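Predicted model only: the values in this text are computed from it and were never measured.
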Amino acid sequence: MSAIENSKLAIIGAGAVGTSLAYASLIRQSAREVVLYDINEAKVEAEVLDLAHGTQFTGASCVSGGSDLDAIAGANMVVITAGARQHPGQSRLDMAGVNVGILRELMPKLVERAPDAVFMIVTNPCDILTYAALHFSGLPSARVFGSGTVLDSSRLRWLLAHRVDVAIANVHAVIVGEHGDSEFPLWSQARVGPISLAQWVADDISPVTNGRAKFSEAEFETITEDVKTAAYRVIAGKGATNYAIGLSGARIVEAVLRDEGAVLPVSSVLTRYRGVSKVALSVPTVVNADGVSRVIEVPFSDSEQTLFQHSADTLRATLDRLGLD
């Protein structure tokens, strides 16, 4: 396949995340046309109007939408952000039942109107809903995936970049597993520029950065915890996370609509990946116009393999509770 000309992006849900994704997609010119849908007619029409008023400043992209689902017809990519909102203190898995019910009704209607689209799930719990969306859609597994840990990995890279005082683009590190409490950094594969993080630490390349000595094991644990709890801190302070997920979502959209073959840690239903099947988890994945082109077999340390299996078991238990086999 190749980059899609006059690409159409449909965003389902005009809440904080959906509108931020639409805004980011317009500014970044991720798609030629952005369509925003929501059942709340007054809200979605106001959001579309507000966005449209700024399109003089966003290049060739245009925005439309409303409360009629037919507006998404023929979309090349559909991003689902609609669902129950995560409240302070609530885990992503707590919202599973309600949002699975929403997808059960919604997915067939979306596929009917955009039968050739690639579908991305952003609504939480992202991994559970990715599995459910694939189940309810009847589509090939490549065409249904979740935004996964792309944002979590950006949070990790931001923390590491500040710690070692280099540009974030030169930090290569990834969060894998659940987009949630059982996620973890793949420390064994982390790099700063061309140098492994392990070597960076061992050689004491930056002995004092930002007033601190080299990394300790305790600091790695603190960074991990900071990434895992980042969303909770944002939600506690402002009620929702929206800007960063909007930007990361737009980045994934571009990988599909521009047929990039970008390596991103999106969430897809795995089959015999490091012993894990029938669950959606995030691992480094090649994303192009087909959606999930392939998952990359990444070396794990023994401890990382244990954490990955724990993440899979955690999500499989929730899927079993929901009757999704």
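- Connection of I102 to Y131 is not established within any shared hydrophobic cluster, with ILVMFWY side chains joined at heavy-atom distances below 4.5 Å, either directly or through further cluster members.
- Nearest heavy-atom pair across S30 and L257 is O-CD1, 3.6 Å.
- Side-chain contact between I72 and L110: present, with at least one pair of heavy atoms (C-beta onward) separated by less than 4.5 Å.
- Here the CG-OH distance, from L36 to Y23, works out to 14.5 Å after rounding to the nearest 0.5 Å.
- In terms of heavy atoms, I121 sits closest to C126 at O-SG, 3.6 Å.
- For the pairing with R316, the side chain to side chain donor-acceptor pair (under 3.5 Å) check across T314, D313, D320 returns one residue only, D320.
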task: Kindly determine whether D226 and T222 satisfy side-chain contact (heavy atoms from CB on, under 4.5 Å), including the steps that lead there.
output: CA-CA 6 Å; D226 283 349; T222 298; 3.9 Å; yes
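- Geometrically, R274 does not engage F308 in a cation-pi contact, judged by NZ or CZ lying under 6.0 Å from the ring centre and within 45° of the ring axis.
- Residues R28 and R251 form a side-chain contact, since some pair of their non-hydrogen atoms from C-beta on lies under 4.5 Å apart.
- Side chain of R113 to backbone of K109: a donor-acceptor contact under 3.5 angstrom is found.
- Between the CG atom in L129 and the CZ atom in F136 there is a gap of 9.0 Å [rounded to 0.5 Å].
- With rounding to the nearest 0.5 Å, the separation of OG1 in T130 from NE2 in H179 is 10.0 Å.
- Judged purely by atom type and a 3.5 angstrom limit, K8 has no side-chain atom pairing as donor or acceptor with the backbone of V35.
- No donor-acceptor contact under 3.5 angstrom links the side chains of N76 and S7, judged on distance only.
- The shortest side-chain heavy-atom distance between V166 and V171 falls under the 4.5 Å cut-off.
- T19 approaches K43 most closely through the heavy-atom pair CG2-NZ, 4.4 Å.
- The nearest pair of heavy atoms linking L281 to S311 is CD2-OG, 3.9 Å.
- Of the residues P265, S154, P185, the one that meets the side chain to side chain contact (heavy atoms under 4.5 Å, CB included) test with I175 is P185.
- I252 contributes atom CD1, which lies 9.0 Å from atom CG of L151 (distance to the nearest 0.5 angstrom).
- R233 CZ: more than 12 foreign heavy atoms inside a 6.0 Å radius.
- Note that CG of L156 and NE2 of H172 are 12.5 Å apart. Values are rounded to the nearest 0.5 Å.
- More than 12 non-hydrogen atoms from other residues, nucleotides or ligands lie less than 6.0 angstrom from CD of E297.
- Put simply, the side chain of T224 gets close to the backbone of F220: a donor and an acceptor are under 3.5 Å apart.
- Checking side-chain atoms of S268 against main-chain N and O of F145 turns up no donor-acceptor pair under 3.5 Å.
- The same ILVMFWY cluster, assembled from side-chain heavy atoms under 4.5 Å apart, contains both L139 and I128.
- V287 pairs in a side chain to side chain contact (heavy atoms under 4.5 Å, CB included) with only one of the listed residues (V256, V150, V118), which is V256.
- Between V227 and E183, some side-chain heavy-atom pair lies under the 4.5 Å cut-off.
- Listed here is the closest heavy atom pair of Y273 and I296: OH-O, 2.7 Å.
- To the nearest 0.5 Å, the span separating CG on L159 from CD1 on I168 amounts to 9.0 Å.
- Within a 6.0 Å radius of CZ in F184, more than 12 heavy atoms belonging to other residues, nucleotides or ligands are found.
- Not a single donor-acceptor pair under 3.5 Å links the side chain of S267 to the backbone N or O of D127.
- A donor-acceptor pair shorter than 3.5 Å can be found between the side chains of E304 and S188.
- The nearest pair of heavy atoms linking A82 to T123 is O-OG1, 2.8 Å.
- With contacts defined as side-chain heavy-atom distances shorter than 4.5 Å, the pair D259/I4 does not qualify.
- Looking at Q29, its side chain never comes within 3.5 Å of a backbone N or O of S61 through a donor-acceptor pair.
- Under the 4.5 Å side-chain heavy-atom criterion for Ile, Leu, Val, Met, Phe, Trp and Tyr, V44 and L49 are members of distinct hydrophobic clusters.
- Neither L51 nor L247 shares a network with the other; the hydrophobic side chains, linked directly or stepwise wherever heavy atoms of I, L, V, M, F, W or Y lie under 4.5 Å apart, form separate groups for each.
- Listed for the S277 side chain is a donor-acceptor partner under 3.5 Å among the backbone atoms of R272.
- A distance-only check finds no donor-acceptor pair linking the side chain of R32 to the backbone of E5 [under 3.5 Å].
- Y232 and D181 are linked by a side-chain donor-acceptor pair at a separation below 3.5 angstrom, with hydrogens and angles left out of the test.
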message: With side-chain contact (heavy atoms from CB on, under 4.5 Å) as the criterion, how do F300 and L307 come out once you've worked through the C-alpha distance, each side chain's angles and the decisive distance to 0.1 Å?
response: CA-CA 10 Å; F300 285 14; L307 290 169; over 6 Å; no
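- The main-chain N or O of N6 is never found under 3.5 Å from a side-chain atom of E33 such that the two would form a donor-acceptor pair.
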- prompt: Can you check side-chain contact (heavy atoms from CB on, under 4.5 Å) on N124 and N99, steps first, answer last?
  reply: CA-CA 8 Å; N124 281 318; N99 287 340; 5.6 Å; no
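- The main-chain N or O of D70 is never found under 3.5 Å from a side-chain atom of Y37 such that the two would form a donor-acceptor pair.
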query: Are V283 and V298 close enough, and set up right, to give a side-chain contact (heavy atoms from CB on, under 4.5 Å), and what steps lead you there?
result: CA-CA 8 Å; V283 294; V298 183; 5.8 Å; no
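- At most 12 heavy atoms of other shown residues, nucleotides or ligands fall within 6.0 angstrom of atom OH in Y243.
- Atom CD1 of I39 has 12 or fewer heavy atoms from other residues, nucleotides or ligands within 6.0 Å.
- No path of Ile, Leu, Val, Met, Phe, Trp and Tyr side chains, each step under 4.5 Å between heavy atoms, connects V17 with V234, placing them in separate hydrophobic clusters.
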